[in-house]
There are 2 protein chains.
Amino acid sequence: MPDKRTYTISDLAKEFGITTRTIRFYEEKGLVTPRREGQKRLFTPADRVRIKLILRGKRIGMTLQECVDFIDMYDPEHNNEEQLHSLINDVKQRRERLLQQKKDIDDMLAGLEEVQGLCEASLARNYESLPNEQD
Amino acid sequence: MPDKRTYTISDLAKEFGITTRTIRFYEEKGLVTPRREGQKRLFTPADRVRIKLILRGKRIGMTLQECVDFIDMYDPEHNNEEQLHSLINDVKQRRERLLQQKKDIDDMLAGLEEVQGLCEASLARNYESLPNEQD
DNA sequence: ACTTCCCTTTACGTAAACGTAAACTTATGC
DNA sequence: GCATAAGTTTACGTTTACGTAAAGGGAAGT
């Protein structure tokens, strides 16, 4: 039997550290499609995963639309050959961007190492030139 | 002698594929500080580097303010011990975020591999089931 | 002198991604 | 029975990061 577990809006808000407003906004945009029990939204595990993926995308600077596009790559809306080639092309482009971003991050990490080294050296010099109990 | 080369606004705009409006906006925000020759802006190599760093930051989703904060880590406005410790702390937090982003990217890259594999398999199946000249 | 660029400032417009407030319903605890 | 908590809709507000005219200055080519 399929996973029938459901989540309320505040369940998900708490879990992901976002506001209910944010989740409603995502629904407005069609990013999630909870069903209703009366008025109240009932989210499925699939919705939960989509939110997770959206937040992951956002962490590396993707817009919501880009997040959706990315997620949609997984869904098999690609029946014919035309669409498959188009999808493969999208995948390639996306990968290029991700690799560039990874390079950017590595560069920045290297920069941070350097800064930290300078800081520690500077601190060490301070201690050196200051009197301490051993003097 | 120091590098006296200068750049016009459109030099930099062209080089980085951004508009002059963007560069003026960055000046407005204090991200670059070109001197003037009459009315015209003259950018130094240092300005050029700052723009480069800003664009790098933006590629991984940093806000302009975060870009500035990041760049400022390199500048020695940190004289006393207090500031040095604070800076080291900032460096640590920033590194954590970068590592998380790197992980996100790796996950997404893995996802793309998967999608591409499925696409190619699907295409192969299509060719298999279609008649060709060899038949 | 006239056009053509490239540069300038001022200023209103815009898309994205929510925040925030108001006004209301529904279930739960005491 | 009434408050409290969690849910709802509607709608205007906000920040960021520029876009997009409007209106003009200054040098260079013909």
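Protein chains get the first letters and strands the later ones, always in sequence-line order, with residue 1 at the start of each. The basis for the numbers below is simple: all heavy atoms, side chains too, and nothing from hydrogens, waters or symmetry mates. Predicted model, so just to flag it, every value in this text is computed and none were measured.
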Looking at [X], I'd like to know whether one of its side-chain N or O atoms comes within less than 4.0 Å of OP1 or OP2 on [N].
X: B/Arg21; N: D/dT20; result: no
X: A/Thr22; N: C/dG19; result: yes
X: A/Thr8; N: D/dA6; result: no
X: B/Tyr26; N: D/dC18; result: yes
X: A/Arg36; N: C/dT26; result: no

Is a donor-acceptor pair below 3.5 Å formed from side chain A/Arg24 to base D/dT9, judging by atom type as modelled?
-> no
For A/Thr20, which contact category applies under a 4.0 Å heavy-atom criterion: base, sugar-phosphate, or nothing?
-> nothing
Could you check whether B/Lys58 gets within reach of a base, just the sugar-phosphate, or nothing at all, counting any heavy atom under 4.0 Å?
-> sugar-phosphate
Answer yes when A/Lys102 and B/Asp106 have at least one side-chain N-carboxylate O distance shorter than 4.0 Å, and no when they do not.
-> yes
When rounded to the nearest 0.5 angstrom, what distance separates CD in A/Glu37 from CG in A/Leu42?
-> 5.0 Å
Looking at the side chain of B/Thr63, which of D/dT8, D/dA17, C/dC7 is the nearest nucleotide?
-> D/dA17
note: B/Lys29, atom NZ; D/dA17, atom C1'; distance rounded to Å ~ 8 Å
